[in-house]
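To start, the structure itself, in structure tokens.
Counting starts at 1 for both ligands and their atoms, following the listed order.
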Amino acid sequence: MDVYGIVGNPVGHSVSPPMHEAGYAERGLDATYVTFEPAEDEIEQAIDGAAALGIAGLNVTIPFKQDVFELVEPDPLAARIGAVNTVAFPEEGPPQGYNTDAAGVTRSFDHHDVAIDGTEAVVVGAGGAGRATAFALADAGADVHIANRTVERAEELAAEVNGATGGGLDSLDQMVPAADLLVNATSVGMEEDETPVPAELLHEELAVLDAVYTPRETRLLRDAAAGGATTIQGAWMLLFQGVEAFEIWTGEDAPIDAMDDALRDALE
Ligand code: NAP
């Protein structure tokens with residue numbers, strides 16, 4: 001049996017095990033997916049141990065995405081993003097690192113028939129999710145503007161992303177009315193019913209993806225729907241980052257509907 005898992009701390013509430021196991025069952029794969037919660041200073045031993053034990057693949061979540069980046073050989077996209085959320089353990093050579101949050105963003109738009117190439121995109125946030133989103137959208141042909149509470153972080157990220165601009169949250173006033181795509185990659189909207197983007201800036205030409213997936217329908221998405229925009233819940237990004245990892249690990253097309261059903265049940 002192949003053993004996959006997710007490494008994080010805390011990780012007990014992860015919805016990845018049922019999502020991936022539904023995929024294995026649908027494809028008839030003899031595999032399981034479990035949670036691992038190493039102490040914060042034991043991640044290096046955890047990755048070495050996983051390799052030695054023949055673990056087939058790991059997802060990586062808070063607080064280890066940057067640490068694991070240093071412990072694996074990142075692919076070119078993960079190297080630019082500077083964080084790894086998926087590790088594969090080949091039979092020969094070092095563990096390979098990937099960042100499937102980027103595909104989580106682009107595949108969410110694709111799934112909703114929203115084109116990225118040639119669009120004006122605004123990314124709110126310049127942390128891990130913001131970095132993955134900005135590189136993903138620019139690589140797919142969007143002109144990207146990054147707005148972040150800490151302005152320097154947005155400007156530093158913009159300097160790394162092809163053709164991107166950066167600014168503070170006040171730059172949203174100018175950028176959102178002219179944008180085609182908007183992604184919230186901050187944690188705003190998770191703990192409290194708040195939004196990082198004033199409702200009056202949202203419009204019907206916009207497609208809005210909120211990376212926040214609890215609650216499913218954030219205030220930003222409610223405001224966007226009220227303004228006539230296309231809305232895409234963060235659960236889609238979560239699904240497609242998992243779908244991408246499944247495909248990297250197994251080499252098979254992921255059974256998207258089965259994984260989606262299991263994820264939605266787990267998020268209830
Ligand atoms: P992170 O690296 O800690 O970055 C947090 C970001 O949120 C930073 O840009 C930070 O701005 C901003 N922020 C935090 N509090 C804020 C506030 N009160 N007002 C304005 N901006 C604020 O976190 P992350 O890993 O990028 O995750 C961000 C969100 O994306 C989380 O909700 C996470 O669950 C979600 N996420 C979802 C998926 C998915 O698959 N759906 C994948 C990855 C992440 P500063 O730079 O100014 O601190």
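Any N or O atom pair closer than 3.5 Å counts here, and Val188 shares no such pair with ligand 1. Between Gly234 and ligand 1, a contact under 3.5 Å exists for at least one N or O pair. At a 3.5 angstrom cut-off on N or O pairs, Ala129 counts as close to ligand 1. Of the polar atoms of Arg153, at least one N or O is found under 3.5 Å from an N or O of ligand 1, judged by distance alone. Backbone and side-chain nitrogen or oxygen atoms of Asp101 are examined, and none is located within less than 3.5 angstrom of a nitrogen or oxygen of ligand 1. Annotation: Gly128 places an N or O atom under 3.5 Å from an N or O atom of ligand 1; distance criterion only. Residue contacts with ligand 1: Ala211 is placed with a nitrogen or oxygen under 3.5 Å of a nitrogen or oxygen of the ligand (distance criterion only).
The side-chain contact (heavy atoms from CB on, under 4.5 Å) with Tyr98 is formed by just one residue from the set Asn59, Val60, Leu77, Asp75; it is Asp75. When each of Asn85, Asp101, Asn99 is tested with Lys65 by the rule side chain to side chain donor-acceptor pair (under 3.5 Å), just one qualifies, namely Asp101.
In this pair, Tyr33 and Trp249 present their aromatic rings tilted. The plane angle is within the 30 to 60° band.
No more than 12 heavy atoms of other residues, nucleotides or ligands shown are found within 6.0 angstrom of CG on Asn162.
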Q.
What verdict does the ring pair (Phe, Tyr, Trp, His ring centres under 6.0 Å) test give for Phe246 and Tyr4, after you've listed the backbone C-alpha separation in whole Å, the side-chain angles of each residue and the deciding distance to 0.1 Å?
A. CA-CA 10 Å; Phe246 182 103; Tyr4 296 92; 8.1 Å; no

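Side-chain heavy atoms closer than 4.5 Å link hydrophobic residues (I, L, V, M, F, W, Y) into clusters, and following such links, possibly through other members, connects Leu201 to Leu182. Hydrophobic clustering (side-chain heavy atoms under 4.5 Å, transitive across Ile, Leu, Val, Met, Phe, Trp, Tyr) keeps Leu137 apart from Val176.
Taking the centre of each ring, Phe240 and His111 come in below the 6.0 Å mark.
Met237 approaches Ala211 most closely through the heavy-atom pair SD-CB, 3.8 Å. The two residues Pro255 and Glu26 come nearest to each other via the heavy atoms CB-CG, 3.4 Å.
Using a 4.0 Å threshold on non-hydrogen atoms, atom 5 (C) of ligand 1 does not count as touching the protein. Distance check on atom 32 (O) of ligand 1: some protein heavy atom falls below the 4.0 Å cut-off. Checking atom 40 (O) of ligand 1 against the protein gives a heavy-atom contact under 4.0 Å.
Annotation for ligand 1: atoms under 4.0 Å from non-hydrogen atoms of Gly125 are 9 (O). Set against the non-hydrogen atoms of Leu238, the atoms of ligand 1 under 4.0 Å away are 39 (C), 40 (O), 41 (N). Listed by number with element, the atoms of ligand 1 under 4.0 angstrom from any heavy atom of Met190 are 32 (O).
Both cation-pi conditions hold for Arg264 and Trp236: the charged atom is under 6.0 angstrom from the six-membered ring centre and inside a 45 degree cone around its axis.
Residue nearest to atom 29 (C) of ligand 1, selected from Thr186, Val212, Asp210: Thr186 (by heavy-atom distance). By heavy-atom distance, the residue among Glu152, Gln241, Arg149, Glu192 lying nearest atom 17 (C) of ligand 1 is Arg149. Of the candidates Thr150, Asn184, Val183, Thr61, Thr150 brings a heavy atom nearest to atom 45 (P) of ligand 1.
For the ligand labelled ligand 1, residue Pro196 lies outside the 4.0 Å heavy-atom shell. Ligand 1 lies out of reach of Gly104, whose nearest heavy atom is not under 4.0 Å from it.
The existence of a salt bridge linking Arg219 and Glu192 is excluded, since no basic side-chain nitrogen approaches an acidic carboxylate oxygen closer than 4.0 Å. Ion pair Asp193/Arg222 flagged as a salt bridge, since at least one NZ, NE, NH1 or NH2 atom sits closer than 4.0 Å to an Asp/Glu carboxylate oxygen.
When non-hydrogen atoms are compared, ligand 1 lies under 4.0 Å from the backbone of Ser187 as well as from its side chain. Contact annotation: for Ala185 versus ligand 1, heavy atoms closer than 4.0 Å belong to the backbone alone.
Nearest protein neighbour of atom 11 (O) of ligand 1, counting heavy atoms only, is Asn148 OD1, 3.3 Å.
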